[in-house]
Chemist: 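I am attaching a structure below and will ask some questions about it afterwards.
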Amino acid sequence: MATKKSAIFTLTERLTITAAATNAFATIDIGSYVDVGDRQALQVHSVDFIYQGSTTTEVLQATFTSDSQINVQLTDLNRGGLVFANDRALIASGQLNFDNTSNQLSMEADMFPDNFGKGSDDGRYVVNDQLYITGRCSTLATAGLNVIVRVNASIVTLGAKDFMAIAIQSTAADN
């Protein structure tokens, strides 16, 4: 299957959402980790979404004046917006809900389409040169909010058949 070429490391990117009901975008360049000639891929072990206000000291609840929902997704293809959970390009997604009446936050973290397991072979293999982050907030009261995306990954070398299957699947998902 896959041979590890590195220990697990963390890639981090900040997505800034500045307008309500509008998609915000960011990318993580992974081109230096993926090598088609050597069948080298990035294995994603886990993804964390950390929600913060517009500054590092702003209380997140102050960002909203009414009920709100923040959706964020990490994909390996640029879809130009949020996608359904059955989209093969989807690596991970998360959702933060704010209830204005109770002033409470609740979070949903999806593991779609892959369930990141604990074994060394568990995770999502990516052979594209970019990871795409898309976020959207239904309402926003302040200058914006930030979602920090932390991707724990390692570099692996895949067998020829495995690499070809993932490359074909990724290309087919682009349609």
Chemist: At their closest point, which heavy atom of Ala41 faces which heavy atom of Leu158, and how far apart are they?
Modeler: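 Heavy-atom minimum between the residues: CB-CD1, 3.8 Å.
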
Chemist: Distance from Ser154 atom OG to Ile8 atom CD1, nearest 0.5 Å?
Modeler: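 So the OG of Ser154 and the CD1 of Ile8 are separated by 5.5 Å.
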
Chemist: So among Asp76, Ile166, Thr75, which one has a side chain to side chain contact (heavy atoms under 4.5 Å, CB included) with Val126?
Modeler: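 One option only clears the test, and that one is Asp76.
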
Chemist: Measuring from atom OG of Ser54 to atom CG of Leu145, what distance do you get when rounded to the nearest 0.5 angstrom?
Modeler: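 CG of Leu145 is found 8.0 Å from OG of Ser54.
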
Chemist: Taking all non-hydrogen atoms of both residues into account, name the closest pair between Ala89 and Leu77 and its distance.
Modeler: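 Scanning both residues completely, I find the closest heavy atoms to be CB-CB, 3.8 Å.
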
Chemist: Please identify each residue that fulfils ring pair (Phe, Tyr, Trp, His ring centres under 6.0 Å) with Phe9, with sequence neighbours left out.
Modeler: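 Expected list: Tyr33.
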
Chemist: Just wondering, do Ile133 and Val72 contact through their side chains at under 4.5 Å, heavy atoms?
Modeler: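 Result yes, sub-4.5 Å side-chain heavy-atom pair found.
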
Chemist: Applying side-chain contact (heavy atoms from CB on, under 4.5 Å), can you list everything that pairs with Thr12, at least two apart in sequence or on another chain?
Modeler: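 Thr10, Ile148, Arg150.
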
Chemist: Determine whether Asp129 and Val34 satisfy the following criterion, side-chain contact (heavy atoms from CB on, under 4.5 Å), listing intermediate values before the conclusion.
Modeler: CA-CA 7 Å; Asp129 59 356; Val34 176; 5.8 Å; no

Chemist: Grab the two heavy atoms, one from Val156 and one from Ala2, that are nearest each other, plus how far apart they are.
Modeler: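 That closest heavy-atom pairing would be CB-CB, 4.0 Å.
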
Chemist: Measure the CD1-OG1 distance between Ile155 and Thr3 for me, rounded to the nearest 0.5 Å.
Modeler: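 Between atom CD1 of Ile155 and atom OG1 of Thr3 there are 13.5 Å.
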
Chemist: Quick one: does Asp29's side chain get under 4.5 Å of Gln130's, heavy atoms only?
Modeler: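 With C-beta onward as the side chain, the pair touches.
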
Chemist: With the 4.5 Å side-chain cut-off for hydrophobic clustering, are Tyr132 and Val83 part of the same group?
Modeler: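 No, because Tyr132 and Val83 fall into different hydrophobic clusters, even though each may have its own neighbours under 4.5 Å.
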
Chemist: Is there a side-chain contact between Asp48 and Asn152 (heavy atoms, below 4.5 Å)?
Modeler: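 Result yes, sub-4.5 Å side-chain heavy-atom pair found.
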
Chemist: Can any side-chain N or O of Ser68 pair as donor or acceptor with the backbone N or O of Thr139 at less than 3.5 Å?
Modeler: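 Judged by distance alone, yes, a pair lies under 3.5 Å.
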
Chemist: Could you tell me which non-hydrogen atom of Leu140 sits nearest to which non-hydrogen atom of Ala19, and how far apart they are?
Modeler: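 Looking at all heavy atoms of both residues, the shortest contact is CD2-N, 3.8 Å.
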
Chemist: Any chain of hydrophobic side-chain contacts (each under 4.5 Å) joining Phe98 to Ile17?
Modeler: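 Linked within one cluster.
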
Chemist: Closest heavy-atom contact between Ala24 and Thr16?
Modeler: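 Scanning both residues completely, I find the closest heavy atoms to be CB-O, 3.5 Å.
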
Chemist: Would you say Leu90 and Gln73 make side-chain contact, with heavy atoms under 4.5 Å?
Modeler: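 SC-SC contact between Leu90 and Gln73 confirmed.
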
Chemist: Give, for atom CD of Gln69 and atom CD of Gln95, the distance between the pair rounded to the nearest 0.5 Å.
Modeler: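 Here the interatomic distance stands at 4.0 Å.
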
Chemist: Shared ILVMFWY cluster between Val149 and Leu60, side chains joined below 4.5 angstrom?
Modeler: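 Same hydrophobic cluster.
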
Chemist: Check side-chain contact (heavy atoms from CB on, under 4.5 Å) between Asp35 and all other residues, then give those that pass, not counting sequence neighbours.
Modeler: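 Only Asp38, Gln40 meet the side-chain contact (heavy atoms from CB on, under 4.5 Å) criterion with Asp35.
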
Chemist: Are Phe49 and Ile28 connected in a single hydrophobic cluster, I mean Ile/Leu/Val/Met/Phe/Trp/Tyr linked by side-chain heavy atoms less than 4.5 Å apart?
Modeler: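 In one cluster with Ile28: Phe49, yes.
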
Chemist: A side-chain contact here means heavy atoms from C-beta on lying under 4.5 Å apart; do Ile50 and Val147 qualify?
Modeler: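 Side-chain contact under 4.5 Å: no.
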
Chemist: How long is the straight-line distance from CG of Leu42 back to CG of Leu11, given to the nearest 0.5 Å?
Modeler: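 Here the interatomic distance stands at 6.5 Å.
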
Chemist: List the steps, then state whether side chain to side chain donor-acceptor pair (under 3.5 Å) holds for Arg136 with Asn23.
Modeler: CA-CA 5 Å; Arg136 186 179 181 98; Asn23 288 333; 3.2 Å; yes

Chemist: Is there a path of hydrophobic side-chain contacts, each under 4.5 Å between heavy atoms of I/L/V/M/F/W/Y residues, joining Leu82 to Leu15?
Modeler: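 Cluster IDs for Leu15 and Leu82 differ.
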
Chemist: Less than 4.5 Å apart, side chain to side chain, heavy atoms only: is that true for Ser93 and Leu74?
Modeler: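 A side-chain contact is absent here, since even the closest heavy-atom pair is not under 4.5 Å.
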
Chemist: Looking only at non-hydrogen atoms, find the nearest pair between Gln43 and Lys4 and report the distance.
Modeler: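 Gln43 and Lys4 have their closest heavy atoms at OE1-NZ, 2.5 Å.
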
Chemist: Could you state the interatomic distance from CG (Leu105) to CZ (Phe64), rounded to the nearest 0.5 Å?
Modeler: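 The distance works out to 6.5 Å.
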
Chemist: Does Asp162 come within less than 4.0 Å of Arg39, counting only side-chain N to carboxylate O?
Modeler: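 No, this pair does not count.
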
Chemist: Given side chains that start at C-beta, do those of Val127 and Phe163 come closer than 4.5 Å, heavy atoms only?
Modeler: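 Contact flag for Val127/Phe163 side chains = yes.
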
Chemist: Would you check if the side chain of Ser32 reaches a backbone N or O of Ile30 as a donor-acceptor pair within less than 3.5 Å?
Modeler: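 Looks like no, no N/O pair under 3.5 Å.
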
